[in-house]
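The structure appears below as C-alpha cells.
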Protein chains: 2
Amino acid sequence: MTFQPTLNRPIAGTPGIPMYLVGAAQDARSIYHDGSEIYGEGEPAGSLYMVEFGCVRIGRFTREGRRQVCGFSYAGDIFGWESESEHRFFAEAVGYSGIRVLRPSRDAEACAKLFPLVIQNLTRFQEHLLVLGKTIVDERLAAFLCDLADRQGGVSQVELPMTRSDIADYLGVSFETVSRILRRFRDQGFVHVPDIHSIEILDRPGLEAVCRR
Amino acid sequence: MTFQPTLNRPIAGTPGIPMYLVGAAQDARSIYHDGSEIYGEGEPAGSLYMVEFGCVRIGRFTREGRRQVCGFSYAGDIFGWESESEHRFFAEAVGYSGIRVLRPSRDAEACAKLFPLVIQNLTRFQEHLLVLGKTIVDERLAAFLCDLADRQGGVSQVELPMTRSDIADYLGVSFETVSRILRRFRDQGFVHVPDIHSIEILDRPGLEAVCRR
DNA sequence: GAGTGGACTTGATCGAGGTCAAGGTGGGGC
DNA sequence: GCCCCACCTTGACCTCGATCAAGTCCACTC
C-alpha cells in the first residue's frame, strides 16, 4: 500500500493549512513561548496540532526524572496523534512558536485525507529508530544533522532551534557528548558553527559517510 | 483525535482476518520458513501483510553490513506500511510463519478502517523509541520483555521466537550483552529460562522497576 | 553412534561515552 | 554598566558494554 505525502513543509514562514483540513472546525492560532507546554502527559487527547512556525518537542519523563524526546515537529508538521484517550507524551514549544489546533471530523473522508500524513509520521519514527539503534554516537548525530537539513529543504545552513540537551535527549546521549562530537565534526571540517543555534554543513557527503555505517 | 484499535491479537492460534478486510482482494496464505524473506529492501511496495501465526522481523542493513531490526510483528499484526513506492525495509520470517497478503482498496472507507491500525503501529514505534533512548541496557531488555509479555496477553510464560541476535539488533546492543543481562536477570530472580526460546517472568514488578527508570 | 554447524554462554580486554567538575559565554533585568 | 542565570564547552576519571576469543549445547545428518 503506497501513500504519497502531499504536505509541503517549509521550515520558515507560515505554511498554509492543507486544503483538505480547511473545512475542519479549528481554533485560532496559539502562540507559545520557549519551553511552554502545549499539552502534558495524562491530559485528555482529542485534537491534532499543526506547527505554523517555530518548533515543538514531543517526549516523556521517566520515573527517575530523565527526559526522553521522541521527536521534533517543525513548521508544516502535524502532531498529536494518539491511540488512547489521553496523551502519553508531552508537547512543548522550542523557542517562540505558533500552533494551530485542528479538530478534523472523524468520518471516512477525513481519515483518507489524513492517512498519508500518519504514514509519513510512521516513516519518520522508523528512521529515528534506526538512528537510535546505532551504537556509535557520531553516527547518530550525523544522521540527525542530515535529517534536519533535509527537512529544512536540503539547505546547507541549518537552524538548530533546540538546545544541546534537547538533541541529547533525542539521541539518547549526554549533552556533553553532543557538544564534544559537534566539536569533532568542526575539527574534521564537516560543519561550521557560526552561532549556537545554527550549523552550516560544509561536507554533506562526509557526514553521510559517517551516518550510513 | 482518539482512535481505539479494534483488532485482537492472540500470539498463538490463527486469528481471523478483521471483518472489514474480508472484502479486500487477497492472496492465499503463504508459509515461510525461518529466515526466509517476505519482502526485501528496494522491492516494489503495495500490499499489506498480516501475520497469521509465527513472527516477522522488520529491519534494514547498513552499508557496513550491520543489521538493525526496527520491529517484530506477531500473530494478528499487520505490517508493510510504506510511504514510498518501494520497501525501505526488509521483512523476514522468524521461525515457521504464516502470512496473508492483503490488498485493501484505497478508497476512503478502507482508509478509515485501517486508520486505528496505523495509529497503533505509530504508538508502538514511539514506545520503542523511548526504549532505545535508555542508556542503561538492562532497562532496554527489561522493557522488551515486559512488552513481549503484554503483547502475548499478559502471561508470565513468554515465547521468544527470535534469536539473541535478533533481540540485540532490535535493542541496539551486542548479542553477548543480551546473553549476559538475561543471565543477570536470572541470578536476580526476575526470570526463569526453561529453554532458549521461552522465558518465565517471576517478578514482573521487579522488571518494571528496572525499565521504568 | 560420531561429526558438523549454528546458536548461545562466558571470560578477558579495551575504548567510547557517562558523570562529575570547572570554566566560558551571552542574553535579560536592574 | 553590572550581575545573574541558563546554556554551552572542555577536562579528568571511570564504568559499561563492544569486541575478540574460547568453549558449550543442541539439532540435524550420515
Side-chain angles (χ1 to χ4, degrees), chain A residues 33-36 57 62 64-69 92-96 131-142 144 160-188 191-199 210 213, chain B residues 33-36 55 57 62 64-69 92 94-96 131-142 144 159-187 191-199 210 213:
Chain A
H33 289 271
D34 186 35
S36 58
R57 64 172 166 255
T62 67
E64 290 194 337
R66 206 180 133 77
R67 191 184 61 165
Q68 301 185 273
V69 173
E92 294 172 345
V94 176
Y96 184 76
V131 170
L132 283 182
K134 296 172 184 294
T135 39
I136 305 299
V137 178
D138 298 47
E139 305 172 12
R140 296 192 210 172
L141 191 61
F144 172 70
L160 276 180
M162 66 291 287
T163 67
R164 303 288 187 263
S165 272
D166 288 335
I167 299 173
D169 292 345
Y170 179 72
L171 297 178
V173 301
S174 68
F175 67 89
E176 294 98 328
T177 298
V178 170
S179 187
R180 268 186 269 262
I181 295 177
L182 224 39
R183 166 79 203 197
R184 205 181 307 153
F185 282 174
R186 251 176 51 196
D187 292 346
Q188 291 169 326
V191 300
H192 170 61
V193 187
D195 71 292
I196 252 172
H197 286 301
S198 44
I199 283 195
V210 173
R213 271 172 202 158
Chain B
H33 289 272
D34 186 34
S36 58
C55 176
R57 64 173 166 253
T62 67
E64 291 194 336
R66 206 180 133 77
R67 190 183 61 165
Q68 301 184 275
V69 174
E92 294 171 345
V94 176
Y96 182 77
V131 170
L132 284 182
K134 295 171 185 292
T135 38
I136 305 298
V137 179
D138 298 48
E139 304 173 14
R140 297 193 208 171
L141 192 62
F144 172 71
E159 287 178 45
L160 276 180
M162 67 292 287
T163 67
R164 302 290 187 264
S165 273
D166 288 334
I167 299 173
D169 292 345
Y170 178 72
L171 297 179
V173 300
S174 69
F175 66 90
E176 295 98 328
T177 297
V178 171
S179 188
R180 267 185 268 263
I181 295 176
L182 223 40
R183 165 79 202 196
R184 205 181 307 152
F185 283 175
R186 252 175 52 196
D187 292 346
V191 300
H192 170 60
V193 186
D195 72 292
I196 252 173
H197 286 301
S198 42
I199 283 194
V210 172
R213 269 172 205 158

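The figures here come from the full heavy-atom set of this structure, side chains too, leaving out hydrogens, waters and symmetry mates. The sequence lines fix the lettering, A, B, ..., with proteins before strands; numbering per chain opens at 1.
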**Item:** Any T163(A) side-chain nitrogen or oxygen under 4.0 Å from OP1 or OP2 of dC7(D)
**Value:** no
**Complete:** From the candidates dA18(D), dC8(D), dG18(C), the one with an atom nearest any side-chain atom of S174(B) is dA18(D)
**Complete:** Taking every heavy atom of I167(B) against every heavy atom of M162(B), the minimum-distance pair comes out as CG1-CG, 3.6 Å
**Item:** Atom-pair distance (CD on E64(B); P on dT19(D)), nearest Å
**Value:** 11 Å
Would you mind writing out the side-chain donor-acceptor pairs for residues 172-181 of chain A within the sub-3.5 Å range, not counting sequence neighbours?
residue: S174(A); atom: OG; partner: T177(A); partner atom: N; Å: 3.3
residue: S174(A); atom: OG; partner: T177(A); partner atom: OG1; Å: 2.9

**Item:** Results of side chain to side chain contact (heavy atoms under 4.5 Å, CB included) for I196(B) - residues two or more places apart only
**Value:** R164(B)
**Prompt:** Atom CD1 of I181(B) and atom C1' of dA18(D): how far apart are they, to the nearest Å?
**Reply:** 12 Å
**Item:** Whole-Å gap separating C1' (dC8(C)) and CZ (R186(B))
**Value:** 11 Å
**Message:** Using the side-chain heavy atoms of D138(B), tell me which of these nucleotides is nearest: dT19(D), dG17(D), dT10(C).
**Reply:** dG17(D)
**Request:** Apply side-chain hydrogen bond (donor to acceptor under 3.5 Å, both in side chains) to S198(B) and list each qualifying residue two or more places apart in sequence or on a separate chain.
**Result:** D195(B)
Set out, line by line, the N/O atom pairs under 3.5 Å between protein and nucleotides 20-28 of chain D.
residue: dC20(D); atom: N4; partner: E176(B); partner atom: OE2; Å: 3.1

**Fill in**
On a heavy-atom basis, the closest approach of T62(B) and Q68(B) is CG2-OE1, 3.2 Å
**Prompt:** In whole Å, what is the span from the NZ atom of K134(A) to the C1' atom of dG17(C)?
**Reply:** 18 Å
**Prompt:** CZ of R140(A) to NZ of K134(A): how many Å apart, nearest 0.5 Å?
**Reply:** 10.0 Å
**Request:** Would you mind reading off the distance between I136(B) atom CD1 and dG18(C) atom C1', rounded to a whole angstrom?
**Result:** 8 Å
What nitrogen or oxygen pairs link the protein and nucleotides 26-30 of chain C at under 3.5 Å?
none

**Request:** Could you tell me the separation between the CG atom of L141(A) and the P atom of dA16(C), rounded to a whole number of Å?
**Result:** 16 Å
**Prompt:** Can you check whether T135(A) has a side-chain N or O nearer than 4.0 Å to OP1 or OP2 of dA18(D)?
**Reply:** no
**Fill in**
Considering only heavy side-chain atoms of S179(B), the closest of dA18(D), dC8(C), dC7(D) is dC8(C)
**Request:** Run the salt-bridge test on D166(A) and R67(A) with the 4.0 Å N-O cut-off and return the result as yes or no.
**Result:** yes
**Separation of atom CZ in R66(B) from atom P in dA18(D), rounded to whole Å** = 8 Å
**Message:** Could you tell me how far apart F185(B) (CZ) and dT10(C) (C1') are, to the nearest whole angstrom?
**Reply:** 18 Å
**Prompt:** Looking only at side-chain N and O atoms, does R183(A) come under 4.0 Å of OP1 or OP2 in dT9(D)?
**Reply:** no
**Fill in**
If each end axis of the helix from dG1(C)-dC30(D) to dC30(C)-dG1(D) is fitted on five C1' pair positions, the angle between them, to 10 degrees, is 40°
